[in-house]
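First the structure, in the form of structure tokens, and then the observations on it.
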Amino acid sequence: MSDNHREWWRSAAIYQIYPRSYADGNGDGIGDIAGIRARLPHLRDLGVDAVWISPWYVSPMADAGYDVADYRDIDPLFGTLEEAEALIAEAHELGLRIIVDMVPNHCSDRHPWFRAALLAGPGSPVRELFHFRPGKGEAGELPPNDWQSCFGGPAWTRADDGGTSQGEASEGEWYLHMFAPEQPDWNWDRPEVREEFESVLRFWLDRGVDGFRIDVASLLIKQEGLPDKATLPEGAPAPDADRPEVHEIYRSWRRIADSYEGERAFVGELWVPPESLPRYLRADELHTGFNFPYMQSPWDAAALRGVIDETLAQHAPVGAPATWVLGSHDATRVVTRYGRADTSFTDRQQPVPVDLELGTRRARAAALLSFALPGSVYVYQGEELGLWEVEDIPLHLRQDPAVQQSGGTDPGRDGCRVPLPWEGDGTPFGFSPEGTGTSTDIGTEPWLPQPPAWKDHTVAAETGDPDSMLELYRTALRVRRTEPALGDGPMAWLPAADGVLAFSRGSGFVCVVNLSDTPVELPGHTTPLLTSSPLDRGLLPPDTAAWLRTE
């Protein structure tokens, strides 16, 4: 893979940090910037090229920071703006780029502009920066339309026009929130909103960030009039997502990014139909988009090949690189998903029987498959340790708003957000510094409980163990960085038995993945570069991947 600094995003390995769960530097049991700075060498040694940091902005934390009250400052929970600037500089010194999360669809109900809108009352200009509407019914007691929140329930909350939202005696207008009530949607038809976010982009670009991950990038524009979905003709475009007007926003953002020295990149969180994706990835819009179909695919050779072919076909007309993603802060951890009888993707699922040994073997093979495909790849924190979903978190400790809005029927996403284990034989496994807990030799208990079995999956325990997930990731990422055939570029499928994927990346590099139930022969090769599990008398076992040198 070329080490060319230009268009680094085409081939990068990008590591996602969920700040509150990566590392705790000040001993309060919650991850922070000090913890990230202290653990940057882990990322250097892992071999990633860039780090995506989930929201660290000032926030009441109704949705783990995705409810932003101030886009230009760091929440005290995580540290200070000065610490963030130091982190960016230190990452650059280690050869790591920094991507920060941008949340443009909605803000916090504590954002100064929204607070001003509540106080100003109906008909005020500041309310036009959001979507305020009178309700239906004789006394306006019904929501303005039938839209539903992504977290469940109506996408509308009635405001007290006296200045507080969500009061039991609310008698005012309603405001739109496609997520939690604490996350009012911006009205992107207003030029003030567009100018504000362009200013925010420049604020962080001026501080040296290398790119932005754009949260729910397709939702910004709403159809004029906010019509009921039930009244739209069959097949009509959604009124609340993937509107054509959104592209001018990203064209303006791209002009801003391109005006800075170096290669600054955007990655969009794009839950859009396949035919829509290329429109976001044109040369004058976003650089890349999150590959959800790949992340959603079951562990099945035919299904994965279909997703890979479709992904490459979608990206080819606009010349954009593909991305390959196994998990994130919103998805069930891959070890758990692949250890179930049904390996298809579910957003969140009530606990079902899981074979962690099987899931781990498949996750190892999936890592080599992903790293060998053309384009960039994402690693969600903890995947490199083989961590599994923590499904037995007590309900009273869960903080995902989806839990509350569903009345507890949705277990939420906290199971994939449990703080990382770094070292030691017991909690907090080095997540918090020693001397901050109930005795001098341990740290504070983390904000979510860690399984005791993670003692065998700490960074310290896995370092140097040739059979560990961590050493597999380190080796694979090192080969990926130095192998000219890997990263962005062509690939070609090779003949393979049923249940087997085999492809060439050129320069004599071949990847073979056995998803069948029986061992299979490897194609002719001179050197096995890396295997996810040991070969069985020269055969590739089930749920195993191999990288081969054929010339």
If we ignore angles and hydrogens, is there a donor and acceptor under 3.5 Å between the side chains of [X] and [Y]?
X	Y	answer
Tyr22	His42	no
Asp49	Trp9	no
Asp342	Ser344	yes
Ser54	Gln16	yes
His177	Thr157	yes
Gln183	Ser108	no
Ser370	Tyr294	yes

>> Is it the case that atom CZ in Arg110 sees more than 12 heavy atoms from other parts of the structure closer than 6.0 Å?
In response: no

Check ion pair [X]-[Y] (N to O, under 4.0 angstrom):
X	Y	value
Asp109	Arg115	no
Asp330	Arg417	yes
Lys455	Asp425	no
Asp414	Arg398	no

Is the distance between the ring centroids of [Y] and [X] under 6.0 Å?
X	Y	result
Trp113	Phe130	no
Trp186	His111	yes
Tyr175	His131	no

>> Minimum heavy-atom separation for Thr343 and Arg362, please, with both atom names.
In response: CG2-NH1, 3.6 Å

> If every non-hydrogen atom of Arg97 is compared with every non-hydrogen atom of His92, which pair is closest and at what distance?
Replying inline: CA-CD2, 4.3 Å

> Between Trp447 and Arg20, is there a cation-pi geometry (under 6.0 Å to ring centre, at most 45° from the normal)?
Replying inline: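 Arg20 over Trp447 ring: yes.
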
> According to the salt bridge (Lys or Arg N to Asp or Glu O under 4.0 Å) rule, which pairs have a member within residues 204-220, sequence neighbours left out?
Replying inline: Glu85-Arg207, Asp101-Arg213, Arg213-Asp215, Arg213-Glu269

>> I need the full list of salt bridge (Lys or Arg N to Asp or Glu O under 4.0 Å) pairs touching residues 66-84, with sequence neighbours left out, sorted by first then second residue.
In response: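 Listed once each, the pairs are Arg72-Glu196.
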
> From Asp24 CG over to Asp32 CG, what is the distance, rounded to the nearest 0.5 angstrom?
Replying inline: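 Asp24 CG to Asp32 CG: 5.0 Å, rounded to 0.5 Å.
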
> Can you tell me how far CG of Asp45 sits from OG1 of Thr463, rounded to the nearest 0.5 angstrom?
Replying inline: 8.5 Å

> For Trp174, what residues pass the side-chain hydrogen bond (donor to acceptor under 3.5 Å, both in side chains) criterion, not counting sequence neighbours?
Replying inline: none

